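Just so you know, these numbers come straight off a predicted model, no measurement behind them. Naming: A, B, ... by sequence-line order, numbering from 1 per chain.
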Amino acid sequence: MEKSFFEAVWDVVEKIPTGRVCSYGAIAHYLSTPKAARMVGWAMNASHSAKRAIPAHRVVNRLGILSGKQHFGQLDLMEKLLTNEGLIIENDKIVNFEEKFWNPSIEL
DNA sequence: GGGTTGACGTGCC
DNA sequence: GGGCACGCCAACC
């Protein structure tokens with residue numbers, strides 16, 4: 001019973017340290033499928049069905065934009081969560097994105 | 001098996 | 001610098 005892509009993505013996402021963020025592309029690249037960044041986002045969409053709690057708010061696109069905030073129910077929720085973890089959000093974008101960026105390929 | 005989808009990324013205008 | 005079009009690949013119907 002091999003883990004599906006979703007589970008593999010979730011496994012990586014839930015390892016993102018608090019106060020750190022990651023991009024879909026970085027996760028996809030870590031899974032040796034750099035072109036499949038869209039699948040990571042899709043896995044996030046399916047994270048609601050996951051048994052474990054997936055910190056999907058720590059996953060943004062490569063620009064550090066909270067592209068998936070509309071999937072959190074409240075548009076303020078994702079930003080609020082990240083801000084609560086010490087990140088700086090401005091116009092739905094992480095200001096200190098590069099500073100807080102967490103690359104699984106390097107740090108994991 | 002085939003077409004559609006999607007919380008992306010890159011390139012081009 | 002912002003916006004649009006194409007590509008990419010796995011899951012879903």
Side-chain angles (χ1 to χ4, degrees):
Chain A
M1 198 65 175
E2 297 182 2
K3 294 195 299 183
S4 61
F5 247 88
F6 290 0
E7 294 179 87
V9 172
W10 297 338
D11 191 50
V12 177
V13 173
E14 68 181 7
K15 288 177 182 172
I16 300 176
T18 303
R20 304 293 294 278
V21 291
C22 188
S23 69
Y24 302 92
I27 296 173
H29 197 280
Y30 173 76
L31 297 176
S32 302
T33 52
K35 304 295 181 57
R38 315 187 78 180
M39 273 72 268
V40 178
W42 204 339
M44 293 297 94
N45 189 19
S47 67
H48 291 281
S49 303
K51 308 296 186 298
R52 306 180 68 96
I54 309 299
H57 59 276
R58 297 181 191 150
V59 184
V60 295
N61 64 4
R62 75 175 190 86
L63 299 177
I65 299 175
L66 281 58
S67 53
K69 71 170 192 172
Q70 55 181 320
H71 292 263
F72 280 80
Q74 299 182 58
L75 298 180
D76 309 4
L77 183 57
M78 188 174 185
E79 177 179 343
K80 188 179 298 181
L81 288 171
L82 292 172
T83 302
N84 189 35
E85 295 185 358
L87 290 159
I88 303 172
I89 312 301
E90 185 173 310
N91 288 337
D92 301 333
K93 189 185 68 180
I94 301 176
V95 178
N96 53 347
F97 177 60
E98 296 182 2
E99 180 184 348
K100 299 294 185 179
F101 183 75
W102 179 79
N103 193 332
S105 301
I106 299 177
E107 304 199 36
L108 193 61

Next on the checklist: If you define the side chain from C-beta out and look only at heavy atoms, does anything of A:Arg38 sit under 4.5 Å from A:Tyr24?
Outcome noted: no
Checklist entry - Base, backbone or nothing for each nucleotide of nucleotides 7-13 of chain B, written B, S, -, heavy atoms under 4.0 angstrom, 5' to 3'? => result BBSB---
Search all heavy atoms of [X] against all heavy atoms of [Y] and return the closest pair with its distance.
| X | Y | result |
| --- | --- | --- |
| A:Phe72 | A:Met78 | CE1-SD, 3.6 Å |
| A:His48 | A:Asn45 | CD2-O, 3.4 Å |
| A:Glu14 | A:Asp11 | CG-O, 3.4 Å |

Item to check | A:His57 and A:Glu85: side chain donor to acceptor below 3.5 Å | outcome: yes
Next on the checklist: What is the distance, to the nearest angstrom, from the CD atom on A:Glu7 to the P atom on C:dA11?
Outcome noted: 10 Å
